[in-house]
A.B. asks: 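This is the structure I want to talk about, given as structure tokens.
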Amino acid sequence: MSKKIEEFMDLVARKNPGETEFHQAVREVVESVMPFIEKNPKYQKGKILEKMIEPERTIIFRVPWLDDQGEVQINRGFRIEMSSAIGPYKGGIRLHPSVNIGILKFLAFEQVFKNALTTLPMGGAKGGSDFDPKGKSDNEVMKFCQSFMTELCKYIGPNTDVPAGDIGTGGREIGYMFGQYKRIRNEFTGVLTGKGLNWGGSLIRPEATGYGCVYFVEEMLKTRGDSLKGKTCAVSGSGNVAQYTVEKLIQLGAKVVTLSDSDGYIYDKDGIDSKELNCVLQLKNIKRGRIKECAKEFNCKYFEKQRPWNIKCDIAFPSATQNEIDENDAKTLVKNGCIAVGEGANMPTTPEGVQVFQKAKILYAPGKASNAGGVATSGLEMSQNSLRLSWTREEVDRRLHDIMIAIHEQCVRYGKESGYINYVNGANIAGFVKVADSMLDQGLV
Ligand code: NDP
């Protein structure tokens, strides 16, 4: 088996040189599904896996815009339309200086499996740009977003490809992009999700990824007769996903002791309360400041240029970015008594880190399962847009909760091993079966 996997990975490396994050994401899936494919020759014959690693379409474009000094700036825009086997392409837009094609291909590839797990009809995509919204004025962000959408609007639409937010793309950016799409195409449609409530957005969408991740961890804990009540949690990041992870954890009686950004982390040993969380929301979503500013206000410790994983906790919620927990971080977490990891971010744990968690038999699920609540609620936003109706907060939250329970059940179904649930295998195989069967049904596509 390992020879077959290595042969396949050689092919991936040859065809996609230098795209290390993409190789990492593919390897994780291949290691899970190759034994399953061996037992089901129809997938081999149809070369399903070989097709899945090739995007259906890759769009790369120039994004010129004028800064506040009147100077021309040029960024690069991307959209990777990975798979439309089970629905229109769907996935976020990342705006961050680190963005390159390898990172977006890893994210688009993961998105295909994640979207399949949600039980909703959505294909997989990802897009973005190396534009950095940090330190830019609202006017500059608007100019960039308008230029980005002027090109992107040729390729997307409510039945074709429906982008959403991701790192660096929040409500403000979605608003500017939606406005530009509407001007050019002269149509008011659900072409983006994460929209404002007054113009087609869904209640609970901002909260969905964080809430969903907590719901998923709750299900994992239930398998061991445990719950979140009284648990000490370490959360990384302080953006959209982290903020609502903390909100739900507080509601369910857990104690959150850390939050971070790319400069460092804060440690509040008494736990971040609702009032403090509101300060974080103001700071990050309106003032757009740095997390260390909270340390002064909360009278807690701040650790410059460090990640929060050496803090003793029961549950870790990595909610910032890829590869933010390495092997040593994972060992430290396990040594300190961590019993579960809920990935809010995409691929936040390195493969070596994942092995540490699995060897220690702690509850560990990959982000493609535990953070799928965001895109699931985007799917619910698309449904509401098609119906031209808005569901209540309670209705959307109930559906989100049900979807997270359903994703957990699929992981258990395909990932059950003697005495342990391998959520990585469970998520990969469950997602694979749905997409692969749809591809076979549709012929040579
Ligand atoms: P935001 O831009 O709202 O927040 C990102 C947070 O992570 C910020 O605190 C940011 O700090 C920090 N961060 C970003 N890059 C790095 C880095 N290289 N090193 C350390 N910290 C970093 O993004 P989201 O909260 O939306 O996304 C967070 C993660 O969750 C991503 O992996 C994303 O793909 C994933 N995700 C998001 C979903 C959503 O609905 N938004 C859905 C599913 C997954 P700083 O401000 O200093 O950059």
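Counting starts at 1 for both ligands and their atoms, following the listed order. Note that this is a predicted model, so its numbers are computed, not measured.
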A.B. asks: Heavy-atom contact under 4.0 Å between Met347 and ligand 1?
C.D. replies: no

A.B. asks: Are Arg290 and ligand 1 in contact, using a heavy-atom cut-off of under 4.0 Å?
C.D. replies: yes

A.B. asks: Geometry only, no angles: is Thr209 polar-contacting ligand 1 at N/O separations under 3.5 Å?
C.D. replies: yes

A.B. asks: At the 4.0 Å heavy-atom cut-off, does Ser238 count as touching ligand 1?
C.D. replies: yes

A.B. asks: Check Ile174 against Gly194 and note the closest heavy-atom contact, atom names and distance.
C.D. replies: CG2-O, 3.6 Å

A.B. asks: Which of the listed options, Leu95, Asn240, Val280, Thr193, holds the heavy atom that is closest to atom 3 (O) of ligand 1?
C.D. replies: Asn240

A.B. asks: Which residue is it: Glu28, Gln111, Glu343? I am looking for the one with a side chain to side chain donor-acceptor pair (under 3.5 Å) to Lys368.
C.D. replies: Glu28

A.B. asks: What residue among Thr209, Asn346, Thr245 forms side chain to side chain donor-acceptor pair (under 3.5 Å) with Asn371?
C.D. replies: Asn346

A.B. asks: Please confirm whether Lys182 makes a cation-pi placement over Phe188, using NZ or CZ under 6.0 Å from the six-membered ring centre and within 45° of the ring normal.
C.D. replies: no

A.B. asks: Under a 4.0 angstrom heavy-atom cut-off, which atoms of ligand 1 come close to His96?
C.D. replies: 15 (N)

A.B. asks: Report yes if some heavy atom in the side chain of Asn428 is under 4.5 Å from a heavy atom in the side chain of Tyr414; otherwise report no.
C.D. replies: no

A.B. asks: List every atom of ligand 1 that sits less than 4.0 Å from any heavy atom of Gly237, numbering the atoms from 1 in the order shown and giving each element.
C.D. replies: 9 (O)

A.B. asks: Does Gln243 come within less than 4.0 Å of ligand 1, judged by its heavy atoms?
C.D. replies: no

A.B. asks: Is there any N or O on Asp166 that sits under 3.5 Å from an N or O of ligand 1?
C.D. replies: yes

A.B. asks: Could you list the atoms of ligand 1 found under 4.0 angstrom from a heavy atom of Arg205?
C.D. replies: 40 (O)

A.B. asks: Going by the order shown, which atoms of ligand 1 are within less than 4.0 Å of some heavy atom of Ser260?
C.D. replies: 9 (O)

A.B. asks: To which of Thr377, Asn371, Thr169, Thr245 does the heavy atom nearest atom 44 (C) of ligand 1 belong?
C.D. replies: Asn371

A.B. asks: Output yes when the distance from some N or O of ligand 1 to some N or O of Ser262 is under 3.5 Å, and no in every other case.
C.D. replies: yes

A.B. asks: Can you tell me if Gly170 contacts ligand 1 (heavy atom of the residue under 4.0 Å from the ligand)?
C.D. replies: no

A.B. asks: Against heavy atoms of Ala345, which atoms of ligand 1 measure under 4.0 Å?
C.D. replies: 29 (C), 30 (O), 32 (O), 35 (C)

A.B. asks: Would you mind reporting whether Pro318 and Val341 have side-chain heavy atoms less than 4.5 Å apart?
C.D. replies: yes

A.B. asks: So, Phe106 versus His23, ring centres under 6.0 angstrom or not?
C.D. replies: no

A.B. asks: May I ask you to list the atoms of ligand 1 that are less than 4.0 angstrom from any heavy atom of Arg94?
C.D. replies: 31 (C), 32 (O), 33 (C), 34 (O)

A.B. asks: Within 45° of the axis and under 6.0 Å from the centre of the six-membered ring of Phe131, does NZ or CZ of Lys136 qualify?
C.D. replies: yes

A.B. asks: List every atom of ligand 1 that sits less than 4.0 Å from any heavy atom of Lys134, numbering the atoms from 1 in the order shown and giving each element.
C.D. replies: 45 (P), 46 (O), 47 (O), 48 (O)

A.B. asks: Between Tyr155 and Phe61, does the ring centroid distance fall short of 6.0 Å?
C.D. replies: no

A.B. asks: Report yes if some heavy atom in the side chain of Asp397 is under 4.5 Å from a heavy atom in the side chain of Glu394; otherwise report no.
C.D. replies: no

A.B. asks: Could you check Glu218 against Lys231 for salt bridge (charged side-chain N to carboxylate O under 4.0 Å, His left out), going step by step and ending with a plain yes or no?
C.D. replies: CA-CA 11 Å; Glu218 220 184 3; Lys231 295 287 185 300; over 6 Å; no

A.B. asks: Would you indicate which of Pro97, Gly168, Ala320, Ser236 comes nearest to atom 13 (N) of ligand 1 when only heavy atoms are counted?
C.D. replies: Ala320

A.B. asks: Could you tell me whether Lys301 sits above the aromatic face of Tyr267, with NZ or CZ closer than 6.0 angstrom to the six-membered ring centre and within 45 degrees of the axis?
C.D. replies: no

A.B. asks: Does the protein put any heavy atom within less than 4.0 Å of atom 33 (C) of ligand 1?
C.D. replies: yes

